[in-house]
Amino acid sequence: MNLNGKTALVTGSTSGIGLGIAQSLAQAGASVVLNGFGDVAPARALLAASGGRHGYHDADLRDVSQIEAMMRYTQDAFGGVDIVVNNAGIQHLAEVEHFPVAKWDDILAINLSSAFHTSRLALAQMKARNWGRIINIASVHGLVGSKEKAAYVAAKHGLVGLTKVIALETAQTGVTCNALCPGWVLTPLVQQQIDRRITAGDDPQQARDDLLAEKQPSRQFVTPEQLGSLTLFLCSEAGEQVRGVAWNMDGGWVAQ
Ligand code: NAD
């Protein structure tokens with residue numbers, strides 16, 4: 001896999017799945033633009049060790065003008081973007097009648113609308129070069145529901161829909177758009193849900209085992225590295241006719 005000369009933007013890549021995908025892309029030779037909150041230094045160090053060129057933009061994806069600034073940065077510093085991985089996402093658990101309105105708005109903005117904005121701003125240059133990859137990190141929750149996750153499930157189903165439309169609009173070009181639908185991956189986002197069980201009385205190992213046992217038949221976490229490898233496949237020539245799919249990597253979750 002050789003992505004030398006390509007530039008990838010991975011949103012929400014300071015931790016978890018985004019960081020794993022950013023690392024895979026960098027190891028394949030792509031220049032990578034990181035984005036996200038928290039301590040950026042460890043992510044930058046990992047990318048530096050992977051060899052390629054990288055940058056960072058601190059856009060808060062709830063704000064359209066900051067997304068526009070991030071896309072201008074990829075243009076000014078890297079000459080544009082060839083691969084967009086829309087990965088940033090947050091979660092909040094509550095039943096619909098108690099769901100905080102501000103959390104609903106944030107989840108829709110970060111998990112769904114930001115992918116529309118990065119895509120609308122990247123597509124013209126991708127089409128002009130006749131090569132591009134838009135990879136949306138949806139979730140099994142883009143395919144099935146779970147209680148207490150109204151905003152997340154709505155956003156991820158929306159992201160799968162957006163993926164299909166972009167795939168159709170680019171079908172006769174060298175640009176592809178697909179969604180990945182992971183099951184449980186052990187990242188800070190999922191650790192919050194394990195911590196909730198620990199607070200309710202489970203011991204830490206029991207909390208992890210129960211979380212997996214309820215939904216994921218393999219009873220093993222999917223890893224960011226595995227999702228990174230699937231991303232590289234979609235960027236390869238073999239992935240060129242994979243268009244508009246919602247590809248689950250979920251230990252059998254949605255096979256049930
Ligand atoms: P994570 O919490 O480790 O990473 C989320 C990233 O998004 C971080 O870099 C964070 O800084 C960034 N982020 C949050 N709010 C932001 C904002 N307003 N602007 C910019 N960046 C922001 O979570 P993760 O588990 O790695 O999740 C990554 C993606 O994978 C999410 O879209 C999530 O829905 C999806 N996903 C995760 C799992 C899982 O089991 N962990 C399963 C399926 C799908």
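Just so you know, ligand 1 is whichever comes first in the structure, and atom 1 is the first atom listed for that ligand.
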For ligand 1, which part of [X] has a heavy atom less than 4.0 Å away: the side chain, the backbone, both, or neither?
X    : value
S13  : backbone
V190 : side chain
K156 : side chain

Where do [X] and [Y] come nearest, in terms of heavy atoms and distance?
X    : Y    : result
Y152 : I90  : CD1-O, 3.3 Å
F233 : A238 : CE1-CB, 3.6 Å
F99  : A150 : CE1-N, 4.3 Å
T170 : R243 : O-NH1, 3.2 Å
V222 : G251 : CG2-N, 4.5 Å

- Task: Give me the one residue out of V10, N111, I134, I137 that meets side chain to side chain contact (heavy atoms under 4.5 Å, CB included) with N86.
- Result: I134
Under 4.0 Å, counting heavy atoms only: does [X] come that close to any atom of ligand 1?
X    : answer
G38  : no
A138 : yes
A59  : yes
F221 : no

- Query: Could you give the distance from CG (D58) to CZ (F37), rounded to the nearest 0.5 Å?
  - Reply: 8.0 Å
- For the residue pair R197 and Q193, confirm or rule out a side-chain donor-acceptor distance under 3.5 Å. no
For [atom], what's the nearest protein heavy-atom neighbour? Residue, atom name and distance, please.
atom                    : answer
atom 11 (O) of ligand 1 : F37 N, 2.8 Å
atom 12 (C) of ligand 1 : G12 CA, 3.6 Å
atom 5 (C) of ligand 1  : G89 O, 3.7 Å
atom 40 (O) of ligand 1 : V185 N, 2.7 Å
atom 33 (C) of ligand 1 : Y152 OH, 3.4 Å
atom 3 (O) of ligand 1  : S15 OG, 2.7 Å
atom 9 (O) of ligand 1  : T14 OG1, 2.7 Å
atom 28 (C) of ligand 1 : N87 OD1, 3.2 Å

Answer yes or no: is there a side-chain heavy-atom contact under 4.5 Å between [X] and [Y]?
X    : Y    : result
K156 : K149 : no
M70  : T11  : yes
I17  : T187 : yes

Mark up the atoms of ligand 1 that fall under 4.0 Å of a heavy atom belonging to [X], in ascending order.
X    : result
A88  : 7 (O), 32 (O)
I90  : 14 (C), 15 (N)
L189 : 2 (O), 23 (O), 25 (O)
I110 : 15 (N), 18 (N)
N35  : 20 (C), 21 (N)
I17  : 26 (O), 30 (O), 36 (N), 37 (C), 38 (C)
G36  : 11 (O), 21 (N)
W184 : 40 (O)

- Which option out of G18, S139, G183 puts a heavy atom nearest to atom 42 (C) of ligand 1? G183
- Task: Kindly assign one of parallel, tilted or perpendicular to the pair Y73 and H57, based on the angle between their ring planes and the thresholds 30° and 60°.
- Result: tilted
- Per the salt bridge (Lys or Arg N to Asp or Glu O under 4.0 Å) rule, which among K127, R133, R129 passes with D82? R129
- Take atom CD of Q172 as the centre, draw a 6.0 Å sphere, and report whether it contains more than 12 heavy atoms from other residues, nucleotides or ligands. no
